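In what follows, a single structure is set out as structure tokens and then discussed.
Read the numbers this way: they start at 1 and go in the same order the structure lists the ligands and their atoms. Here the structure is a predicted model, which means the values were calculated and not measured.
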Amino acid sequence: MTTKTRTDLQDLDRVDPLAGFREEFFLPKGVIYLNGNSLGAMPLAAAERAKRVVEYEWAEGLIGSMNTAGWYELPSTLGRKIAPLVGAKPNEVVLTDATGIDLYKVVAAALKMQPERRVIVMEGSNFPTNNYMVQGLLEELDKGHAIRFAEANDLMDAIDEDVAAICITQVHYKTGRIHDMAALTQKAHAVGAAAVWDLCHSAGAMPVDLNGCNVDFAVGCTYKYINGGPGAPALLFAAERHHGKYTQPLTGWYGHAAPFDFERDYRPAGDIRQMLTGTQATASLSMAEIGIDIMLRADINAIREKSMRMTDLFIELVEERCGEFGFELVSPRDATQRGSQVSFRNEDGYPIVRALHDSGVICDYRAPANVRFGFAPLYIRYVDVWDAVDRLHDILDKQSWKETRYQVRAAVT
Ligand SMILES: *Cc1c(COP(=O)(O)O)cnc(C)c1O
């Protein structure tokens, strides 16, 4: 028996303080986009911005736009803007390069701070690129470093006096579980280790307090909940107390103390710009600014509140209406322990996700059997939660997911 109705959810939309933001995004007709945790939707203003960058700043301004359109300063300009969203000071953040590349830089910096130690603590089940990047770095360092993999509840105990740094993602990409940034960072510092955090699934989805937690370094995606656009440069944070003391290995001219003196030898900038490497993805940065500007106008506490409510409702409705079809909750049931996504385990997850796509519900599949739904509070309505579950129920009830065309794997799931 269903205790809620579609009308109940429409009522929540009517009083939603964030409701107005949906109009600022382009959403294809008939689509319920529950994948903003992979790639955020396009703000309408981003199309205008892209046109301006290409047709005016690039076409007319040419190289002069480095100065006149502020291209050269964009990584710092946007870093300053995004800083309050992650609890950082304006001079502690830049937007640059891919998350994985930024992770390489900050982990290298963190390990150098503890040159006698050889262990880095990471969560093995994390999004694999984090493991791959650190494995590549350790191979390159060739100093006998090793990753100590631990999972969820065991992370705390894995942090001891052999540890040079921890490198943990705040919200798990598959389960949506939130790690306690304050407690794990405190433990790391207590044993003399540095704390590196990945904010890919938390930045823009919930309040993040890097300085409140005393974090040393952090990275995070801007193309997920911050709606910066496909491949938008990542955010990179280095605590001010490390400025002028840290080193990072990708020492390009953008991180030089005086890039336009063209000196023979590298001299680090000594501030956050030292984390930059080379010429920036300018068009992407420009579009990312639109997503950031929208985010800064929204109340992050309201975003978190709506996110918890939507994911609670989604779990409740899926269990009530689709429970008999073998949907097992993988995400924490307690909303305060969960990011803005919900994962269910189902053995037939892949064909079900494909059938959902055809019904207009965009979510994704994460092997081995996770069906993952992301809820971006700026453009998803409560009624979308209802309609998504309704379409899911229909697919399961009619068994339309069994059609042969849904069984074949695509390259990107
Ligand atoms: C999305 C995500 C990434 C993406 O890294 P790219 O370098 O942008 O491909 C990395 N780590 C985590 C934990 C993620 O969720």
Nearest neighbour of atom 9 (O) of ligand 1 from the list Tyr223, Tyr132, Phe127, Tyr173, on a heavy-atom basis: Tyr223
Quick test of your reading of the structure: of Val171, Leu103, Asn130, whose heavy atom lies closest to atom 10 (C) of ligand 1? Asn130
Check each heavy atom of Thr99 against ligand 1 and say whether those closer than 4.0 Å belong to the side chain, the backbone, both or neither. both
Does Asn126 approach ligand 1 within less than 4.0 angstrom via side chain, backbone, both or neither, non-hydrogen atoms only? side chain
Any chance the rings of Phe237 and Trp197 have centres within less than 6.0 Å? no
The protein heavy atom nearest to atom 1 (C) of ligand 1 is Lys224 NZ, 1.4 Å
Of all the atoms in ligand 1, which lie at a distance below 4.0 Å from a heavy atom belonging to [X]?
| X | value |
| --- | --- |
| Gly100 | 7 (O) |
| Ala98 | 7 (O) |
| Thr169 | 13 (C) |

Is the CZ atom of Arg309 crowded by more than 12 outside heavy atoms at less than 6.0 Å? no
Going by the salt bridge (charged side-chain N to carboxylate O under 4.0 Å, His left out) test, which pairs reach into residues 374-384, not counting sequence neighbours? Arg22-Asp384, Arg381-Asp384
NZ/NE/NH1/NH2 to OD/OE distance under 4.0 Å, Arg273 and Glu73: no
Under the side-chain contact (heavy atoms from CB on, under 4.5 Å) rule, collect the residues that match up with Tyr132, sequence neighbours excluded. Pro128, Gln135
May I ask you to check if Lys306 and Tyr382 form a cation-pi contact, with NZ or CZ under 6.0 angstrom from the six-membered ring centre and within 45° of the axis? yes
